[in-house]
Amino acid sequence: MKTQINGTDILELGFPEGKIIGIALKINSKRNGFTRDKMITNFKNVLETPENYIDDKIFSKLAVALIEKSNEKPEDFIALNENPNAYSAYGLDHIEDGARKQMEVAMKLPVTVAGALMPDAHQGYGLPIGGVLATKNAIIPYGVGVDIGCRMALSVYDIPEDFYFENEAKFKKELIANSIFGAGHGFHGQYKSDHAVLENETFNMNPFVKNLKDKAWSQLGSSGGGNHFVEFGIMEFAQDDAVLNIPKGKYVALLTHSGSRGMGATIAGHYTKIAKEECKLPEVAKNLAYLDMNSQLGQEYWLAMNLAGDYASACHEIIHNKMERALGATILAKVENHHNFAWKEIWNGEEVIVHRKGATPAGKGVMGIIPGSMTAPGFLVRGKGEENAINSASHGAGRQMSRTQAIKNITPTEMKSILKDHGVTLIGAGLDEAPMAYKDINQVMEAQQDLVDVVAKFTPKLVRMADDGSRED
């Protein structure tokens, strides 16, 4: 029996809404001897290079429709720059074509000043994940991303490595007791946390943002689905670090990764829709629709984005404070950095808006955490301030398999085996987050030696993630 391809599948590939979906579905209904996977691959190829399929006996109608659609120009059409500046790229040999093509399109925006692609880059919506884009007086909601202000937060404790292995059960108990995961999940009644972020006046900016406050309060101090985690591990300083005032040695550390939960996702969806209505770009660039920073809408999004970032930081602060009290430990150092955000910065002598979608700030002396996977090391780093990279670095290892591919190709037995080999205890997580779904973090770090210095290495030991493998709500 055939497994059908539906309209949602076609849309998720990036096809535009309208009659083109119908054309694709009609072609699929005949299937022409192709398996579902092969048909999906063909559709992807036609979407990327329709000019190669103009004379194809099966896909010609679809190819022509795509080309015609790409040339449609509304009255207020904004033309792309056909002679863009080049962008910098790191580890380009290991970055997929889809991410490169998205970056090439982003460089053609009339507001683009500079761009860079990090070594963990992979295809996303609009700007690729791992893409850095500096614009002049414009903010791109999908250049920031859906999970606004997603971040890493690290607490290094005055607890020696041996204590962890002697008391692993206690760490597991506290991890379960002081974290909560999954899309839509949150706290109720007496279990809700309080934080100054809830008193932020931006919540009263307009009815849309105000209506997000109750959900934000419920989810405050929680972690999302997907690749978000709370984990204990061993942080190794190979030498004394004078800046952090930490002697050489191995310490227990807590590392968390999550963002602005449902609030950030709702803000992203709302203002992306508005940007697309206001900024009529060609089909190939529609997900890069931007808002003028001098406009009311641009200022609204800017304030809402910063509120979401502050909220994400508050969620981490609550988790780390709970764990500090539960362990009765002293924190030697705290480091926090975020991605999926936009900053006002000076680049090449002018003020620009720097979008880092899945990329970490790495200005000179700026601290950051770059995780690998649940069985691969993460790295505490100090930025070198490389201007060609727009003062940025990767935000992790980056995916080499989509979630669907990982679920299809990795077995539960394989996942259990690799966890056992690395001495990692896992609570929750689906096969879509299996270590094998990610790039080699050592290869990624090798590609960005010019961007950051490694200060210490973090080895995960006890990892908790959403048990349903869900994405953010």
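Positions are given from 1, in the same order as the sequence printed here. Only heavy atoms go into these numbers, but all of them, side chains included; no hydrogens, no water, no symmetry mates.
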Give a yes or no on whether the backbone of I410 and the side-chain of Q405 come within a donor-acceptor separation of less than 3.5 Å.
no

K273: which residues meet the side chain to side chain donor-acceptor pair (under 3.5 Å) condition with it, sequence neighbours left out?
E277

Is any side-chain heavy atom of C150 less than 4.5 Å from a side-chain heavy atom of H228?
yes

What is the distance from atom CG of L288 to atom CG of L127, rounded to the nearest 0.5 Å?
6.5 Å

If only atom types and distance count, is the side chain of H195 paired as donor or acceptor with the main-chain N or O of L220 below 3.5 Å?
no

Pair up each side-chain donor or acceptor in residues 379-390 with any protein partner under 3.5 Å, not counting sequence neighbours, and list the distances.
from : atom 1 : to   : atom 2 : distance (Å)
R382 : NH1    : D241 : OD1    : 3.2
R382 : NH2    : D241 : OD1    : 3.3
R382 : NH2    : D241 : OD2    : 3.1
K384 : NZ     : Q449 : O      : 2.8
K384 : NZ     : D453 : OD1    : 3.4
E386 : OE2    : N388 : N      : 3.1
E386 : OE2    : N388 : ND2    : 3.4

Do any N or O atoms from the side chain of R151 and from the backbone of G309 form a donor-acceptor pair under 3.5 angstrom?
yes

Nearest 0.5 Å, please: how far is CD in E278 from CG in L291?
7.5 Å

Backbone N/O of Y438 and side chain of Q400: donor-acceptor pair under 3.5 Å
yes

R356 side chain to S392 backbone, donor-acceptor under 3.5 Å
no

Taking the side chain as every heavy atom from C-beta outward, state whether H355 and I139 have any atom pair closer than 4.5 Å.
yes

Residue list, side chain to side chain donor-acceptor pair (under 3.5 Å) with T272, at least two apart or on another chain
none

Measure the spacing between OG1 of T41 and CZ of F34 and express it to the nearest 0.5 Å.
10.0 Å

Hey, does the side chain of T202 reach the backbone of M205 with a donor-acceptor pair shorter than 3.5 angstrom?
no

So, does N28 use its side chain to make a donor-acceptor pair with the main chain of A24 at under 3.5 Å?
no

Whether N340 side chain and G358 backbone form a donor-acceptor pair below 3.5 Å
yes

Under-4.0 Å salt bridge between E433 and R399
yes

L426 CG to M415 CE distance, which is reported to the nearest 0.5 Å
5.0 Å

Looking at E104 and K101, does any basic side-chain N land under 4.0 Å from a carboxylate oxygen?
no

Sorted by chain and residue number, the salt bridge (Lys or Arg N to Asp or Glu O under 4.0 Å) partners of K213 (sequence neighbours excluded) come out as none

T112 side-chain N/O to T135 backbone N/O, donor-acceptor pair under 3.5 Å:
no

With no hydrogens and no angle check, is any side-chain donor or acceptor of E336 less than 3.5 Å from a backbone partner on S313?
no

If you count heavy atoms of other groups shown closer than 6.0 angstrom to NZ of K457, is the number above 12?
no

Where do G221 and C315 come nearest, in terms of heavy atoms and distance?
N-SG, 3.5 Å

Closest non-hydrogen contact found for V352 with A134 is CG2-CB, 4.0 Å

Expected list for residues 53-65: side-chain donor-acceptor pairs under 3.5 angstrom, two or more places apart:
from : atom 1 : to  : atom 2 : distance (Å)
D56  : OD1    : I58 : N      : 2.8
D56  : OD1    : F59 : N      : 2.9
S60  : OG     : D56 : O      : 3.1

Identify the heavy atoms of Y290 and C279 that sit nearest to each other, and give their distance.
O-CB, 3.4 Å

Quick test of your reading: applying salt bridge (charged side-chain N to carboxylate O under 4.0 Å, His left out), list the pairs with at least one residue in residues 112-136, sequence neighbours left out, ordered by first then second residue.
K136-E350

Is it true that K364 and N391 share a donor-acceptor pair across their side chains at a distance under 3.5 Å?
no

Which atom names give the shortest non-hydrogen contact between M103 and V132, and what distance separates them?
CE-O, 3.3 Å

Does L244 reach the side chain of M367, with side-chain heavy atoms less than 4.5 Å apart?
yes

Would K344 and I353 count as a side chain to side chain contact (heavy atoms under 4.5 Å, CB included) here? Give the steps.
CA-CA 5 Å; K344 288 181 181 178; I353 306 298; 3.6 Å; yes

Approximate separation, where rounding is to 0.5 Å, of K439 NZ and S394 OG:
9.5 Å

When rounded to the nearest 0.5 angstrom, what distance separates CD1 in I369 from OG1 in T360?
8.5 Å

Tell me every residue that passes ring-ring contact (aromatic ring centres under 6.0 Å, His included) with W347, counting only those two or more places apart in sequence or in another chain.
none

Are any of the side-chain heavy atoms of P435 and M374 separated by less than 4.5 Å?
yes

For residues L66 and P16, determine if any side-chain heavy atom of one lies less than 4.5 Å from a side-chain heavy atom of the other.
yes

Using salt bridge (Lys or Arg N to Asp or Glu O under 4.0 Å) as the criterion, list what pairs up with E300, not counting sequence neighbours.
none

Flag the pair H395 / M118 as yes when at least one side-chain heavy-atom distance between them is below 4.5 Å, and no otherwise.
no

For H338, the ring-ring contact (aromatic ring centres under 6.0 Å, His included) test, sequence neighbours excluded, returns F341, W343

Here the salt bridge (charged side-chain N to carboxylate O under 4.0 Å, His left out) pairs for residues 305-315, sequence neighbours left out, are none

Stepwise side chain to side chain donor-acceptor pair (under 3.5 Å) check, T49 with N52
CA-CA 6 Å; T49 55; N52 293 342; 3.3 Å; yes

Tell me which pairs pass ring pair (Phe, Tyr, Trp, His ring centres under 6.0 Å) where either residue lies in residues 263-285, with sequence neighbours left out.
F208-H270, F208-Y271, Y271-Y301

Nearest heavy-atom pair of A314 and V197: which atoms, and what distance?
CB-CG1, 3.8 Å

Does the Lys NZ or Arg CZ of K286 fall within the cation-pi geometry relative to Y142 - under 6.0 Å from the ring centre and within 45° of the axis?
no

Pairs meeting criterion salt bridge (charged side-chain N to carboxylate O under 4.0 Å, His left out) with involvement of residues 7-20, two or more places apart
D9-R36

When the ring centroid of H339 is compared with that of H257, is the distance short of 6.0 Å?
yes

Working note: I267 + M305, criterion side chain to side chain contact (heavy atoms under 4.5 Å, CB included); need CA distance, chi angles, decisive distance, verdict.
CA-CA 8 Å; I267 289 170; M305 178 197 73; 5.8 Å; no

Go through the steps to decide whether F229 and L255 satisfy the test side chain to side chain contact (heavy atoms under 4.5 Å, CB included), and finish with yes or no.
CA-CA 8 Å; F229 59 76; L255 185 60; 3.9 Å; yes

Measuring only between side-chain heavy atoms, which start at C-beta, is V111 closer than 4.5 Å to N137?
no

Take atom CD in E51; do more than 12 heavy atoms of anything else shown fall under 6.0 Å from it?
yes

Do I23 and I27 have side chains that approach each other closer than 4.5 Å (heavy atoms only, starting at C-beta)?
yes

